[in-house]
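We name chains A, B, ... by the order of the sequence lines, and we start the count at 1 in each one.
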Amino acid sequence: MRVRFAPAPTGFLHLGSARTALFNWLAARHAGGTFLLRVEDTDLERSRQELVDVIYEALEWLGLDWDEDPVRQSDRIDAHQEAVDRLLIEGLAYWSDPVPEADRERVGGRAYDPADRDRDLGPGPGRAVRFRVPEEGAVGWTDMIRGEISFELANLEDFVIRRADGSPTFFIANAVDDAAMGVTDVIRGEDLINVTPKQLLLRDAIGAGAEPLRLAHLPLIVNEQRKKLSKRRDDVSLLDYRERGFLPEAMVNYLALLGWGPPDGVEVRTDPLREFPPMFRVEDVNDSSAFFDQKKLRFVNGEHLRALGVAHFAERARPWFDREPWSDRYHAETFGRIAGEVQTRVETLSEVPGYVDFLFLPEPEEDPVAWAKVMVPEAGPWLDAVISGCEAWPWESAELYERTMALAEASGTSRKKFQAPVRVALTGRTVGPPLFESMEILGRDETLRRLRSARGRLGEPTPDGPG
RNA sequence: GCCCCCAUCGUCCAGCGGCCUAGGACGCCUCCCUUUCAAGGAGGUAACACGGGUUCGAAUCCCGUUGGGGGUGCCA
């Protein structure tokens, strides 16, 4: 069994393409088959190396390895031309002139004149080669996902296989290359269903139809409006997700859940690339479109993040610190002390620095809303109590916890309210990693400095007793 | 317009004629845990588009309607 992933180099790998690549890869690995790569760079614009490299980079990031040297369609033009010539000689294709917009009514609204079929024209300026579609009958196939699909030939126009500029089109290139590469199973997006009759016809015409091709058309991935993901309004570039802090294993895991699900119902897998192949069958793929749900993706990513060992998590988060303006202050050992606590609180790696920046910054980045909310007048005495406590307490998180909570009890307020001003004074925010671990890491001196600073800005200490 | 595909909770996946008073997951809500926020635990909310058949029996099969999507290029 040989499958192929055949993207056009557009400068980014589309999420839908990534899913197609994944399903082809899964099918191949399941069957012990061969996963091939063909770069469809027929257009010269698209054959720029850097555009092609993006595809390799994206596949490598996901961990989808291919088996033979990638085929560059641009290297195969001679074979495509030869096929077109042969079809011309055999009378299965013919030269055709374009019909100007104004005259289209005369030819049934088409862009070409069907009468050209019998004119026996030769090459000429502006003249393209069209495939002679039989007038009667139907082309169909049994789709591995959708079952019987069939098209009346009467509805199919004679399509171009060589443009006026001499270049072969996608239809012929595809048919010729699939045959040459020995492709046995084609797994691609549903948007290609309607070109399938053309490719089947050509496959037959070039004499490659002996072994019937097995076809599977995957449901489209859609946005909240149920439309095909568009480059313009949706986040469709796979590699952008890497930049946003998603793990490749989470992307693979989530993408596999779009149109398919593991038969045992366990959706999140620590190692989807190893666990899915044995259970993946194209026949089981769903046939209706799937919404790309960022929320669920985030959940899946969070699960993968939490499944990482703490050290590994810290390592993976490292690049995100490098992007911070204060990256030179980052200290791996310091982060390592709190990484485990951060790990359960983030869903993407990009959120990590924001959780612990106060440990590295000379001054915590203060959230004015948080300050206004917790620095109420009663907070003065609370801070005073914590400050004097901190001057003497043993500097260890469990101790700090016990003693601060004892002060909270004594204050008559809730623990929650009591800790809030302390947290804001130290971290600048109302939410963050556990407070006492943070204090321990910050150290006695820095903790006191920040508490005093906040206390100073809160206002004068209030004298004891009712005023 | 024409061609093709699709139709189960808001979303993703189960269900392939009786096991369905329709199951799981995300989300959302409630509670527990709790130094914040998470994580974790326990609950809850919520769906077979509609109409005809077929059948003893239909979410499951057939037909139609409606709705959605894709394609209609000398792009791929």
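Side chains of Arg423(A) and Thr427(A): no donor on one and acceptor on the other come within 3.5 Å. Between His80(A) and Thr169(A), the side chains place no donor N or O within less than 3.5 Å of an acceptor N or O (distance only, hydrogens not considered).
Here the C1' atom of nucleotide C37(B) and the NZ atom of Lys373(A) are 11 Å apart, to the nearest Å. The distance from atom CG of Leu200(A) to atom C1' of C4(B) is 15 Å, rounded to the nearest whole Å. Put simply, CG on Leu156(A) is 12 Å from P on C3(B), counting in whole angstrom units. When the C1' atom of G27(B) is taken as reference, atom CG of Leu297(A) falls 14 Å away, rounded to whole Å. Atom CD of Glu148(A) is separated from atom P of C5(B) by 11 Å (rounded to the nearest Å). For the pair Leu220(A) CG and C4(B) P, the interatomic distance rounds to 18 Å; values are reported in whole Å. When rounded to the nearest whole Å, the span between CZ of Arg415(A) and P of C33(B) equals 12 Å. Rounded to whole Å, the distance from CZ on Arg306(A) to C1' on A39(B) is 6 Å.
For Arg4(A) and Asp178(A), the salt-bridge test passes: some basic side-chain N is under 4.0 Å from an acidic carboxylate O. A salt bridge is defined here as a Lys NZ or Arg NE, NH1 or NH2 lying under 4.0 Å from an Asp or Glu carboxylate O, and Arg316(A) with Glu249(A) meets this definition.
Distance from the side chain of Ala290(A) is smallest to C13(B) among C13(B), A38(B), C5(B). The side chain of Asn155(A) approaches C2(B) more closely than any other nucleotide in the set U36(B), G40(B), C2(B). Nearest to the side-chain atoms of Tyr401(A) among the listed nucleotides U34(B), C37(B), G40(B) stands U34(B). Distance from the side chain of Pro434(A) is smallest to U35(B) among U35(B), C3(B), C13(B).
With RNA chain B read from its 5' end, the first of the two nearest nucleotides for Met405(A) and Glu341(A) is the one closest to Met405(A).
When each of Val160(A), Leu87(A), Asp177(A) is paired with Ile172(A), the side chain to side chain contact (heavy atoms under 4.5 Å, CB included) condition holds for Leu87(A) and for no other. Here the options are Ile221(A), Leu218(A), Leu258(A), Val222(A), the test is side chain to side chain contact (heavy atoms under 4.5 Å, CB included), and the partner is Ser289(A); only Val222(A) passes.
Within the structure, every pair that satisfies the side-chain hydrogen bond (donor to acceptor under 3.5 Å, both in side chains) test and touches residues 256-269 of chain A, not counting sequence neighbours, is listed here: Asp264(A)-Arg269(A), Glu267(A)-Lys296(A), Arg269(A)-Glu275(A).
Every residue two or more places apart in sequence or in another chain that forms a side chain to side chain contact (heavy atoms under 4.5 Å, CB included) with Pro70(A) is listed here: Leu37(A), Tyr56(A), Trp66(A). For Glu365(A), there are no salt bridge (Lys or Arg N to Asp or Glu O under 4.0 Å) partners, not counting sequence neighbours.
On the P atoms, C74(B) is 35 Å away from C12(B), given to the nearest whole Å. Comparing the P positions of C32(B) and C37(B) gives a spacing of 13 Å, expressed to the nearest Å. Taking the P atom of each, A47(B) and A59(B) are spaced 15 Å apart, rounded to whole Å. Remark: the separation of the P atoms in G27(B) and U11(B) is 16 Å, to the nearest Å. Comparing the same atom, P, in C31(B) and in C50(B) gives a spacing of 35 Å after rounding to whole Å. The same atom, P, is picked in G18(B) and in A58(B); the two are 12 Å apart, to the nearest Å.
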Quiz item: When you look at Arg429(A) and Asp357(A), which way does the salt bridge (charged side-chain N to carboxylate O under 4.0 Å, His left out) test go after all the steps?
Solution: CA-CA 11 Å; Arg429(A) 308 194 182 88; Asp357(A) 58 353; 2.8 Å; yes

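Residue Gln199(A) is out of contact with every strand shown, counting any heavy-atom pair closer than 4.0 Å. Nucleic acid contact for Thr404(A): none, since no nucleic acid atom lies under 4.0 Å from a heavy atom of the residue. Counting non-hydrogen atoms under 4.0 angstrom, Pro262(A) reaches nothing in the nucleic acid. Within 4.0 Å (heavy atoms only), Asp284(A) reaches sugar-phosphate atoms of the nucleic acid but no base atom. Phe151(A) comes within contact range of the sugar-phosphate backbone alone, with a heavy-atom separation under 4.0 Å but no base atom that close.
Between Arg226(A) and C12(B) there is a side-chain polar atom (N or O) within less than 4.0 angstrom of OP1 or OP2. In this structure, Arg345(A) does not reach the A39(B) phosphate: none of its side-chain N or O atoms is under 4.0 Å from OP1 or OP2.
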Could you pull out the protein-nucleic contacts involving nucleotides 21-25 of chain B (nitrogen or oxygen on both sides, under 3.5 Å)?
| residue | atom | partner | partner atom | Å |
| --- | --- | --- | --- | --- |
| G24(B) | N2 | Glu267(A) | OE2 | 3.0 |
| A25(B) | O2' | Glu267(A) | OE1 | 2.8 |
| A25(B) | O2' | Lys296(A) | NZ | 3.4 |
| A25(B) | N3 | Lys296(A) | NZ | 3.4 |

Give every pair of a protein N or O atom and an N or O atom of nucleotides 6-10 of chain B that lie under 3.5 Å apart, one pair per line with the distance.
| residue | atom | partner | partner atom | Å |
| --- | --- | --- | --- | --- |
| C6(B) | O3' | Asp287(A) | OD1 | 3.4 |
| A7(B) | OP1 | Asp287(A) | OD1 | 3.3 |

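Counting non-hydrogen atoms of neighbouring residues, nucleotides and ligands closer than 6.0 angstrom, the CG atom of Asp120(A) reaches no more than 12 such neighbours.
Across all strands shown, A59(B) remains unpaired; no Watson-Crick or G-U wobble contact has both distances below 3.5 Å. Using N1 to N3 plus N6-O4 or O6-N4 for Watson-Crick, or N1-O2 and O6-N3 for G-U wobble, each under 3.5 Å, A42(B) pairs with U30(B). Applying the Watson-Crick and G-U wobble criteria (two distances, each under 3.5 Å), C12(B) pairs with G24(B). When both distances must be under 3.5 Å, the Watson-Crick or G-U wobble mate of A7(B) is U66(B). With both pairing distances under 3.5 Å, G1(B) is matched to U72(B) as a Watson-Crick or G-U wobble pair.
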Quiz item: For every nucleotide of nucleotides 71-76 of chain B, 5' to 3': is a protein heavy atom under 4.0 Å from its base (B), only from its sugar-phosphate (S), or from neither (-)?
Solution: S--BSB

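Cation-pi geometry between Arg19(A) and Phe23(A) is met: the NZ or CZ atom falls under 6.0 Å from the ring centre, inside 45° of the normal. A cation-pi arrangement is found for Arg244(A) relative to Tyr241(A), the charged atom lying closer than 6.0 Å to the ring centre and inside a 45° cone about the ring normal.
For the pair Asp234(A) (side chain) and Ser230(A) (backbone), a donor-acceptor distance under 3.5 Å is present.
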